[in-house]
There are 2 protein chains.
Amino acid sequence: MTRKPQARTAQTRDRLVAAARDIVAETGLAGLRTEAVVARAATAKGTFFAHFPDKDHLLALLLAEILRAEVAQLAVPASREQLADNLDRVFAAFSSEPERLTLLVRFSGPVGVGLGIDEVIHDVIAGFAGGLAGMQARGMIAPGGDPALLGEGLVAFLFHAAASAQCPLTTMDKDAARRRAQVLLHRLTDALLWPGTESAGKAARSGG
Amino acid sequence: MTRKPQARTAQTRDRLVAAARDIVAETGLAGLRTEAVVARAATAKGTFFAHFPDKDHLLALLLAEILRAEVAQLAVPASREQLADNLDRVFAAFSSEPERLTLLVRFSGPVGVGLGIDEVIHDVIAGFAGGLAGMQARGMIAPGGDPALLGEGLVAFLFHAAASAQCPLTTMDKDAARRRAQVLLHRLTDALLWPGTESAGKAARSGG
DNA sequence: TCCTATATTTGACCGTGGTCATTATTAATC
DNA sequence: GATTAATAATGACCACGGTCAAATATAGGA
């Protein structure tokens with residue numbers, strides 16, 4: 001017969017997550033070692049894998065926390081400038097560590113349900129969609145598109161730009177690659193939201 | 001002083017690539033083991049890493065070959081239906097193995113120059129761009145957008161859809177996830193190319 | 001042809017993610 | 001409280017990617 005989970009199960013899991021959270025805060029996602037996690041949580045390595053299918057699942061959990069904190073503060077955009085600003089912030093949140101993009105790609109689909117990644121992405125899309133709906137009502141973007149779909153389009157562009165910015169730490173100027181990707185992101189956005197006026201959006205932003 | 005590379009260098013490298021190519025053909029990208037490669041190529045493991053920075057660089061090289069073969073046959077699209085068909089084929093090529101998407105994301109940026117991934121992606125974009133330019137001239141898509149930029153937008157949607165389709169082999173229906181992602185891809189494409197007529201494109205395709 | 005500096009190869013070795021048979025603990029029942 | 005069956009924790013072990021000091025082979029010059 002199946003029996004209700006023991007009381008210590010949740011405690012052990014919490015200890016593991018807390019230990020991992022601390023380590024990630026200190027070393028970044030890429031610096032996390034399962035050995036270090038179980039040492040700090042005072043469990044055996046096997047226990048780790050009894051609670052998480054693999055290391056990346058735990059990392060995805062923590063990434064969702066981090067992204068939620070970095071993205072929750074974003075206001076619903078009400079102007080072209082605010083929209084561009086939000087795009088830049090989410091872009092930064094998605095690509096500040098290479099590991100983040102890898103995890104997002106791996107866990108953005110059905111695989112990630114339950115880890116929080118899907119919720120974060122959904123919230124980002126919803127934030128864009130809400131802003132776009134308002135702007136559409138005020139005639140500030142091209143009419144006729146479904147705001148939710150346009151929001152998903154923006155997130156698609158974010159992923160693409162983040163991937164294009166991928167760059168080993170050693171070679172070439174990292175900021176240059178990032179800035180180039182950001183320009184691409186904004187031009188694509190303009191093409192989707194203000195068809196036929198790609199350059200106008202850039203001009204409007206550079207004025208602010 | 002630096003001296004010209006020895007004759008055997010290229011041979012050894014070719015043996016390694018050939019061995020890896022055979023293994024990938026047999027087991028898929030995920031099934032490749034460096035031990036197996038060096039065994040088949042009759043070299044030591046250290047030699048492998050003298051020729052490639054890591055395993056993924058070699059895999060990216062092979063993936064570029066594979067994608068080139070799968071994508072080279074695509075005709076420049078001259079109609080909505082052909083465009084949709086090309087999108088489906090590239091989507092399939094990008095997402096048929098989970099490992100493919102991972103490698104594409106990692107090596108689509110500046111990191112991937114010299115491995116062929118960047119060329120493949122460039123060719124795909126150029127293919128779409130060429131088709132879109134023609135369709136634009138004939139008034140078949142919304143006017144005013146830069147075809148090259150629109151092509152890049154389509155590739156961005158491809159990546160997003162492929163990520164959304166990510167699904168562990170064990171849980172849920174793989175085809176269902178893929179079909180859902182494909183619908184998303186087509187709706188996004190319609191929003192970009194035929195703003196305000198998302199459903200029309202679907203209807204046109206379902207008739208063919 | 002011999003010498004030597006450089007290029008290339010080698011394989012024992014290591015770090016780290018992940019497994020699994022075994023042991024310890026606990027919920028449920030009497 | 002004693003018994004037992006399910007649940008959780010353990011850590012020795014393995015697989016595999018990647019390293020590096022030492023060994024070997026070669027280009028180029030005398």
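Naming: A, B, ... by sequence-line order, numbering from 1 per chain. Being a predicted model, the structure only gives us computed values, none of them experimental.
Nearest heavy atom pair, residue T27(A) against residue L32(A), reads OG1-N, 3.9 Å.
The residue among T47(B) and P5(B) whose nearest nucleotide of DNA chain D lies closer to the 5′ end is T47(B).
Residues satisfying the side-chain hydrogen bond (donor to acceptor under 3.5 Å, both in side chains) test with D56(B), not counting sequence neighbours, are R106(B). Among residues two or more places apart in sequence or in another chain, the side-chain hydrogen bond (donor to acceptor under 3.5 Å, both in side chains) test is passed with R89(B) by D85(B). Every residue two or more places apart in sequence or in another chain was checked for a salt bridge (Lys or Arg N to Asp or Glu O under 4.0 Å) with D123(B), and none qualifies. When the side-chain hydrogen bond (donor to acceptor under 3.5 Å, both in side chains) test is applied to E26(A), the partners found at least two apart in sequence or on another chain are R40(A). In this structure R8(B) satisfies the side-chain hydrogen bond (donor to acceptor under 3.5 Å, both in side chains) test together with Q6(B), sequence neighbours excluded.
Remark: T12(A) is in phosphate contact with dA9(D), judged by side-chain N or O atoms under 4.0 Å from OP1 or OP2. The phosphate of dT9(C) has neither OP1 nor OP2 within less than 4.0 Å of any side-chain N or O from T43(B).
For residues 27-39 of chain B, proximity to DNA chain C is found at no residue, defined as any non-hydrogen atom under 4.0 angstrom from a strand atom. Scanning residues 50-61 of chain B for heavy-atom distances under 4.0 Å to DNA chain D yields D54(B), K55(B).
If you run side-chain contact (heavy atoms from CB on, under 4.5 Å) between R187(A) and each of V183(A), L184(A), D190(A), only V183(A) comes through.
Between Q11(B) atom CD and dA7(C) atom C1' the separation is 15 Å, expressed in whole Å. When rounded to the nearest whole Å, the span between CZ of F48(A) and C1' of dT10(D) equals 16 Å. Rounded to whole Å, the distance from CZ on R8(B) to C1' on dA25(D) is 5 Å.
The stretch residues 101-135 of chain B participates, sequence neighbours left out, in these ring pair (Phe, Tyr, Trp, His ring centres under 6.0 Å) pairs: H57(B)-F107(B). For residues 3-38 of chain B, there are no ring pair (Phe, Tyr, Trp, His ring centres under 6.0 Å) pairs, not counting sequence neighbours. Counting only residues at least two apart or on different chains, the ring pair (Phe, Tyr, Trp, His ring centres under 6.0 Å) pairs with a member in residues 69-98 of chain A are F94(A)-F159(A). The list of salt bridge (Lys or Arg N to Asp or Glu O under 4.0 Å) pairs with a residue in residues 153-163 of chain A, not counting sequence neighbours, is empty.
Among the nucleotides dT8(C), dT7(D), dG18(C), the one closest to any side-chain atom of K45(A) is dG18(C). Side-chain proximity of R3(A) to the nucleotides dT10(C), dA8(D), dA28(C) is greatest for dA28(C). You'll find that the side chain of T2(A) is closest to dT7(D), out of dA27(D), dT10(C), dT7(D). The side chain of Q6(B) approaches dA25(D) more closely than any other nucleotide in the set dA27(C), dT10(D), dA25(D).
Axis angle between the ends of the helix from dT1(C)-dA30(D) to dC30(C)-dG1(D), five pairs each and rounded to 10 degrees, works out to 0°.
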